[in-house]
Amino acid sequence: MNEDLKVNLSGLPRDYLDAAAAENISAAVSSRVPAVKPEPELVVNPWDIVLCTSGTLISCENAIVVLIIFHNPSLRAPMFLLIGSLALADLLAGIGLIINFVFAYLLQSEATKLVTIGLIVASFSASVCSLLAITVDRYLSLYYALTYHSERTVTFTYVMLVMLWGTSICLGLLPIMGWNCLRDESTCSVVRPLTKNNAAILSVSFLFMFALMLQLYIQICKIVMRHAHQIALQHHFLATSHYVTTRRGVSTLAIILGTFAACWMPFTLYSLIADYTYPSIYTYATLLPATYNSIINPVIYAFRNQEIQKALCLICCGCIPSSLAQRARSPSDV
């Protein structure tokens, strides 16, 4: 009875009050529950896609070379060991580019950044050092033609391989061991987390190796021209034939050295003059041609080689074409 006599002091209908109370309770509850923020949309940089694609092509191409040399026991001469070292380095570089893409968008952390940049630095350093070792080997094979096929040459090749891979691994470990710019962004180079000093050392080392390769290839050109002239005299070739043979050899060397310089020189010089404040598009635009060098290397150093061509034909079709089997090596094949 008392409940029926209660007065509605607000003068509003009871149903309206009940609805208002329900809204107040709902608002109070919602204020205590944290709002769920929508997940940010994953935006992929097109340059990273291009680098990942380049890394995939590098990996596939150089994996073929590594498998051919590993599968064929006859390809154990110093020249093939160095070509295999180059292919292995480029293969690891391609894998590093793929891993960098995966870690950048799926597993972001400081540890993954350091491991990825360490792998890329070590593999590309081993690639450039292998190119220098191949140049040294070609020079020795021409300058010491009579004593080149000896145990001393094999030992020297293994020493070069140990030194180049040891140096490359040490360079790759520098960012992991603490020489990085994750704690001080002002020291970053164009490739984070490499420091400006680290990038400068790598760039200067590249310029030194390029100068050494240039000098060696100049000496190789002189030897090739002399050998071609001697062969022409022995076989009574015409001067035109001697000129064509020599021109092919010099052209081949120019293509090898020119391709190497065109791929790596832009990024090397840019790393010396720029830092992290420069637009990233310049870094991508100069780094991408450097990766193309690892795509071109198998074509220049592996697939042009007659023995590797024969091994590839045996693996693919189980036979060696007669044109390839009867082809003689000329002075232009340097």
Side-chain angles (χ1 to χ4, degrees), residues 45 47-48 51 54-55 58 86 89-90 92-94 96-97 99-100 103-104 110-133 135-136 160 163-217 257-294 297:
N45 190 334
W47 286 99
D48 289 332
L51 283 177
S54 177
I58 291 170
L86 175 63
D90 288 334
L92 293 176
L97 292 175
I99 293 177
N100 177 68
F103 284 172
E110 291 186 357
T112 56
K113 289 180 181 178
L114 294 176
V115 171
T116 303
I117 196 65
L119 175 60
I120 293 176
V121 169
S123 54
F124 277 121
S125 299
S127 177
V128 175
C129 290
S130 295
L131 290 174
L132 177 60
T135 307
V136 172
M160 282 198 301
M163 290 180 61
L164 74 87
W165 278 100
T167 303
S168 302
I169 292 174
C170 290
L171 291 174
L173 288 175
L174 288 179
I176 300 175
M177 299 301 293
W179 202 4
N180 58 70
C181 64
L182 292 179
R183 297 292 181 268
D184 186 6
E185 188 175 349
S186 62
T187 62
C188 283
S189 65
V190 294
V191 180
R192 196 174 184 271
L194 287 182
T195 63
K196 179 69 175 176
N197 292 334
N198 196 343
I201 290 176
L202 293 174
S203 299
V204 172
S205 300
F206 169 82
L207 292 176
F208 173 76
M209 286 188 288
F210 176 75
L212 185 57
M213 290 175 62
L214 178 61
Q215 179 62 28
L216 287 173
Y217 273 122
L257 197 61
T259 301
F260 179 67
C263 290
W264 277 105
M265 197 62 72
F267 180 72
T268 301
L269 297 179
Y270 180 71
S271 299
L272 283 175
I273 64 176
D275 56 25
Y276 74 100
T277 60
Y278 282 60
S280 60
I281 187 174
Y282 297 148
T283 303
Y284 283 111
T286 54
L287 178 60
L288 191 60
T291 64
Y292 290 160
N293 187 66
S294 296
N297 283 339

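Small disclaimer: the values here were computed from a predicted structure and weren't measured. All residue numbers in this chain count up from 1 along the given sequence.
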Between [atom1] on residue [X] and [atom2] on residue [Y], distance to nearest 0.5 Å:
X	Y	atom1	atom2	value
E185	R192	CD	CZ	5.5 Å
W179	L194	CH2	CG	10.0 Å
I58	Y292	CD1	OH	9.5 Å
M177	L114	CE	CG	11.5 Å
T268	M209	OG1	CE	9.0 Å
N180	E110	CG	CD	8.0 Å

For residues L207 and M265, determine if any side-chain heavy atom of one lies less than 4.5 Å from a side-chain heavy atom of the other.
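When only atoms from C-beta onward are counted, M265 and L207 do touch, with a gap below 4.5 Å.
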Less than 4.5 Å apart, any side-chain heavy atom of W47 and any of T283?
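W47 does not reach T283 side chain to side chain.
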side-chain contact (heavy atoms from CB on, under 4.5 Å) between L132 and M160: does it pass, once the steps are laid out?
CA-CA 10 Å; L132 177 60; M160 282 198 301; over 6 Å; no
Taking [X] for its side chain and [Y] for its backbone only, find out whether a donor-acceptor pair lies under 3.5 Å.
X	Y	answer
S205	I201	yes
N297	N293	yes
K196	A274	yes
S271	S203	no
T167	L164	no
T286	F267	no

Identify the heavy atoms of [X] and [Y] that sit nearest to each other, and give their distance.
X	Y	answer
S123	A93	OG-CA, 3.2 Å
G96	L119	CA-CD2, 3.7 Å
N198	P175	ND2-CG, 4.1 Å
D275	C188	CB-O, 3.9 Å
S294	F124	OG-CE2, 3.5 Å
M213	T135	CE-OG1, 3.7 Å

Could you check V204 against L272 for side-chain contact (heavy atoms from CB on, under 4.5 Å), going step by step and ending with a plain yes or no?
CA-CA 8 Å; V204 172; L272 283 175; 4.3 Å; yes
side-chain contact (heavy atoms from CB on, under 4.5 Å) evaluation trace for Y276 with S186
CA-CA 8 Å; Y276 74 100; S186 62; 4.2 Å; yes
So, N197 and T195: side-chain donor and acceptor under 3.5 Å apart, yes or no?
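No pair is found: no donor N or O on one side chain lies under 3.5 Å from an acceptor on the other.
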Checking side-chain polar atoms at under 3.5 Å, does T116 have a donor or acceptor matched by the opposite partner on N100?
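Checked: T116/N100 side chains show no N/O donor-acceptor pair below 3.5 Å.
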How about I281: does its CD1 atom have over 12 heavy atoms from other parts shown lying under 6.0 Å from it?
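It does not: I281 CD1 has 12 such atoms or fewer within range.
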side-chain contact (heavy atoms from CB on, under 4.5 Å) between L257 and F210: does it pass, once the steps are laid out?
CA-CA 9 Å; L257 197 61; F210 176 75; 4.0 Å; yes
W264 vs F206 aromatic rings, parallel, tilted or perpendicular, using cut-offs 30° and 60°?
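Rings of W264 and F206: tilted, 30 to 60°.
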